[in-house]
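Presented below is the structure to which this report refers.
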Amino acid sequence: MAASFRIYNTLSRSVEDFVPQVPGKVGIYVCGMTVYDRSHVGHARAMVVFDAFVRYLRHRSWDVLFVRNFTDVDDKIIRRANELGEDPVGLASRFIDVFHEDMDALGLVRPDHEPRVSRCIDDIHDVIGKLVDKGHAYVSEGTVWYAVRTFDEYGKLSGQNIDELRSPDEAGGKRDPADFALWKCARPGEVSWESPWGPGRPGWHIECSAMGCKHLGATLDIHGGGLDLVFPHHENEIAQSEAANGAQFANYWMHNGLLTMAGGQKMGKSLGNVINIDVALAEFPAEALRLYYLQNKYRSPLPWSGDALPEALGMLSRLYDAREAAEAMGGEGDADRIAKEMGKTASDVLRLGRDFEARFHGALDEDFNTGGAIGAAFELARAVNRFADHKKARKRGGPIVAPALGAFALLADGLGLLGRPVSEFHAEVKVKRLKALGLDEAAVEGMLAERSAARAAKDWARSDALRDELEGSGIIVMDKPEGVQWRVRCVAPDSATA
RNA sequence: GGCGACAUGGCCAAGUGGUAAGGCAAGGGAUUGCAAAUCCCUGAUUCCCCGGUUCGAAUCCGGGUGUCGCCUCCA
């Protein structure tokens with residue numbers, strides 16, 4: 001039985017109860033990438049947010065059908081292809097492969113369908129044909145335009161009024177400046193397809209109407225995308241789809257906020273302030289990126305800085321270390337009885353662990369409040385650490401922290417965080433951070449061995465000198481009762497992402 | 001010019017009518033050979049400003065200010 005949840009609907013500008021068309025099923029369509037270059041961490045936010053959302057819905061027993069498209073026919077792709085002397089669809093296909101590499105590296109689940117414009121030309125023709133037949137579109141010099149004034153509800157998503165728009169000085173046979181192209185007449189040297197209106201290619205907006213309805217029916221449960229797509233893209237999708245099908249296009253519109261740079265500007269290729277996903281992931285685990293995104297409300301602007309990932313990595317380590325401490329605890333027996341014997345720190349962990357699921361679901365069911373859900377995880381982590389200081393915790397605390405371990409598993413299943421073995425996490429961090437700092441593991445190990453020898457001989461001066469040297473280059477040394485451990489400092493002085 | 005969103009401690013941030021989660025940073029303490037990690041303590045009499053509604057508002061309403069996004073491609 002799928003759990004109910006509430007979600008902010010851009011259409012109504014309010015949080016609403018989610019009501020599916022078919023009980024237990026959710027059809028979700030998310031606007032994907034225009035593939036002519038590598039994707040950056042701003043794109044990654046959108047991808048991670050919707051990945052986490054889909055994971056969560058499935059975790060809550062929803063039967064989710066997830067569709068995310070590729071725009072592989074587009075002005076920018078054609079321009080780039082011409083620059084490189086490459087076939088546009090081929091170039092796009094190449095960047096689709098790159099995108100998949102990035103998404104796999106980010107640990108995302110693949111959508112159920114990833115339609116490409118170039119493979120849905122017939123579906124696009126069908127929609128355009130309907131619009132022409134119904135008088136919502138007209139042909140002018142081989143281009144098919146959508147007549148926005150034929151759609152009374154135009155502007156209902158974005159609140160825009162056709163007469164108040166800054167009209168672009170666009171020429172080209174439009175009857176109204178706000179009209180937009182459904183089918184663009186082929187120009188010499190451009191990729192084109194035959195159509196009932198002559199050779200050409202699809203306009204930008206029509207693809208989503210065609211591909212969304214192809215896989216999910218005339219009405220989508222949820223349509224997602226970046227906040228910057230609300231107008232004109234999503235507004236136009238509504239106009240096309242609803243005029244063609246006579247049915248509401250999407251019941252819920254979900255928009256993720258944009259990544260902003262220092263000074264508040266959004267990250268964008270045209271602004272030259274982008275950090276590509278592969279660059280960020282070369283230095284930090286994908287999970288740190290995920291935590292950084294999910295700490296924040298998906299709808300809010302999210303400030304990016306060079307400190308973002310180091311800080312997120314530090315937070316992630318804190319959670320993993322708490323989980324490790326809990327996993328190391330043994331013993332068996334009745335948790336309540338043991339908690340009574342061991343006192344308040346024990347009963348606190350037990351209680352927080354047991355309450356976690358309700359808090360976790362409560363936060364996420366209310367407009368996907370990932371920040372609140374993660375906050376609860378940190379409270380639990382502190383309680384675990386506090387309990388781990390208890391002298392008998394390691395030997396007998398197992399039953400006490402069992403609910404906490406279950407809580408951490410929820411984080412993995414519901415949001416894709418904290419799902420790996422702790423050792424694997426630390427190993428990845430070590431490799432990536434050593435590389436980012438330009439350090440060699442063998443050299444580090446050598447110095448540590450020398451330092452251990454000095455410590456064994458109680459040569460504190462030598463030992464501390466070696467540690468100072470290591471720390472100067474970014475290695476943090478921890479002398480634990482069970483032996484020496486070391487970590488690579490998160491913050492890199494010469495970090496490429498700073 | 002039009003449309004929309006947001007404004008919470010040094011920074012990030014949850015909370016949408018009942019009296020401020022969480023993270024980072026900072027200071028003090030415990031622990032440690034010294035550190036690191038961890039734990040404990042300290043910090044907004046207050047949630048941009050001004051009015052209003054209410055027994056009671058960060059949370060609702062009105063006005064103002066500021067920031068950002070969109071109106072051209074954009075996650």
Side-chain angles (χ1 to χ4, degrees), chain A residues 10 13 15 30-34 36 39-50 68 71 74-76 79 155 157-170 178 204 224-233 235 255-260 263-271 291-292 295-297 299-303 305 307-308 310-312 314-315 317-319 321-322 325 345 359 363 366 369-390 455 458 460-461 463-464 467-468 471 475-481 484-487:
Chain A
T10 308
R13 310 259 171 220
V15 177
V30 175
C31 283
M33 297 292 302
T34 299
Y36 67 102
S39 304
H40 59 68
V41 291
H43 302 127
R45 182 188 190 191
M47 302 308 153
V48 168
V49 161
F50 285 105
R68 186 178 60 213
T71 299
D74 159 272
D75 288 344
K76 290 189 295 296
R79 196 186 318 136
L157 179 70
S158 63
Q160 295 291 345
N161 181 324
I162 297 173
D163 296 310
E164 302 286 355
L165 297 175
R166 273 183 184 157
S167 45
D169 307 322
E170 231 176 86
W204 176 34
L227 202 51
D228 52 349
L229 296 179
V230 173
F231 191 90
H233 187 52
E235 194 69 68
H255 290 102
N256 65 275
L258 305 180
L259 222 57
T260 57
Q265 268 79 41
K266 78 169 184 177
M267 181 176 287
K269 281 178 200 165
S270 55
L271 298 169
L291 179 62
Y292 160 66
Q295 253 182 296
N296 290 61
K297 185 82 192 180
R299 289 196 274 126
S300 302
L302 175 56
S305 77
D307 295 333
E311 186 176 321
M315 294 171 72
S317 289
R318 183 171 163 78
L319 290 176
D321 289 345
T345 58
R359 291 184 67 184
E366 185 64 22
N369 181 0
T370 50
I374 290 168
F378 277 99
E379 283 183 66
L380 181 60
R382 186 177 52 223
V384 167
N385 285 331
R386 189 190 298 139
F387 176 58
D389 281 352
H390 194 112
R455 290 186 75 223
K458 296 202 189 301
W460 306 127
S463 159
D464 291 351
R467 185 177 60 200
D468 288 347
E471 291 191 345
I475 302 298
I476 297 164
V477 181
M478 300 181 290
D479 298 320
K480 299 217 167 186
V484 179
Q485 287 185 11
W486 60 280
R487 299 274 172 81

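Lettering of chains follows the sequences in order, A, B, ..., and the numbering in each one begins at 1.
Residue A:G375 is in base contact, counting any heavy-atom pair closer than 4.0 Å across all strands shown. Residue A:K458 is out of contact with every strand shown, counting any heavy-atom pair closer than 4.0 Å. Contacts of A:V477 with the nucleic acid, taken as non-hydrogen atoms under 4.0 Å apart, include base atoms. At a threshold of 4.0 angstrom between heavy atoms, the contacts of A:G32 are confined to the sugar-phosphate backbone, with no base atom among them. A:G371 comes within contact range of at least one nucleobase, with a heavy-atom separation under 4.0 Å. Using a 4.0 Å heavy-atom distance criterion, A:N296 is classed as a sugar-phosphate-only contact.
Note: CD1 (A:I476) to C1' (B:U38) measures 14 Å, nearest angstrom. What separates CG of A:N385 from C1' of B:U38 is a distance of 6 Å, to the nearest Å. To the nearest angstrom, P of B:A13 lies 13 Å from NZ of A:K297. Rounded to a whole Å, the CZ atom of A:R359 is 12 Å from the C1' atom of B:G15. Atom CG of A:L259 is separated from atom P of B:A75 by 13 Å (rounded to the nearest Å). To the nearest angstrom, P of B:G23 lies 10 Å from CG of A:L319. Between A:F231 atom CZ and B:C68 atom P the separation is 22 Å, expressed in whole Å. Rounded to whole Å, the distance from CD on A:E164 to C1' on B:G2 is 5 Å.
If you check B:U59 for Watson-Crick or wobble pairing at under 3.5 angstrom, you find it has no partner at all. In this entry B:A26 has B:U42 as its Watson-Crick or G-U wobble partner, both defining distances falling under 3.5 Å. Pair assignment for B:G9 gives none, since no Watson-Crick or G-U wobble pairing has each distance under 3.5 Å. The pairing partner recorded for B:C3 is B:G69, the criterion being a Watson-Crick or G-U wobble arrangement whose two distances lie under 3.5 angstrom. Across all strands shown, B:A37 remains unpaired; no Watson-Crick or G-U wobble contact has both distances below 3.5 Å. Across all strands shown, B:A21 forms no Watson-Crick or G-U wobble pair with both distances under 3.5 Å.
The side chain of A:M315 has B:G23 as its nearest neighbour among B:C71, B:C70, B:G23. Of the listed nucleotides (B:C40, B:C71, B:C70), B:C70 has the atom at the smallest distance from the side chain of A:D228. Distance from the side chain of A:C31 is smallest to B:A75 among B:C39, B:C71, B:A75.
As rounded to the nearest Å, B:U46 and B:C40 have C1' atoms that lie 25 Å from one another. When the P atom is compared between B:A25 and B:G63, the two are found 43 Å apart, to the nearest whole Å. Annotation: B:G22 and B:A75 have their P atoms spaced 37 Å apart (nearest Å). Remark: the separation of the P atoms in B:C70 and B:G28 is 45 Å, to the nearest Å. To the nearest whole angstrom, the two C1' atoms, one in B:C61 and one in B:G17, are 13 Å apart. The C1' atoms of B:A44 and B:A14 are separated by 15 Å, rounded to the nearest whole Å. Here, B:G52 and B:G15 have their P atoms 29 Å apart, quoted to the whole Å. With both ends at atom C1', the span from B:G33 to B:G9 equals 38 Å, rounded to whole Å.
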Between the protein and nucleotides 3-7 of chain B, which nitrogen or oxygen pairs are less than 3.5 angstrom apart?
residue	atom	partner	partner atom	Å
B:C3	O2'	A:S158	O	2.5
B:C3	O2'	A:G159	O	3.4
B:G4	O2'	A:R13	NH1	3.2

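In terms of phosphate contacts, A:R318 brings a side-chain nitrogen or oxygen within less than 4.0 Å of OP1 or OP2 of B:G23.
Heavy-atom distances to RNA chain B give each of A:R386 and A:L229 a nearest nucleotide, and the one nearer the 5′ end belongs to A:R386.
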Just distance, no hydrogens or angles: give the donor-acceptor pairs under 3.5 Å from side chains in residues 39-47 of chain A, sequence neighbours left out.
residue	atom	partner	partner atom	Å
A:H40	ND1	A:G42	N	2.9
A:H40	ND1	A:H43	N	3.4
A:H40	NE2	A:H43	NE2	3.3
A:H43	ND1	A:H40	N	3.0
A:R45	NH1	A:G257	O	2.8
A:R45	NH1	A:L258	O	3.3
A:R45	NH1	A:S300	O	2.8
A:R45	NH2	A:K297	O	3.0
A:R45	NH2	A:S300	O	2.8

Practice prompt. For nucleotides 27-33 of chain B, just jot down a letter per nucleotide in 5' to 3' order: B, S or -, based on protein non-hydrogen atoms under 4.0 Å.
Written response: ------B

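Comment: A:D321 engages A:R487 in a salt bridge, judged by a side-chain N to carboxylate O separation of less than 4.0 angstrom.
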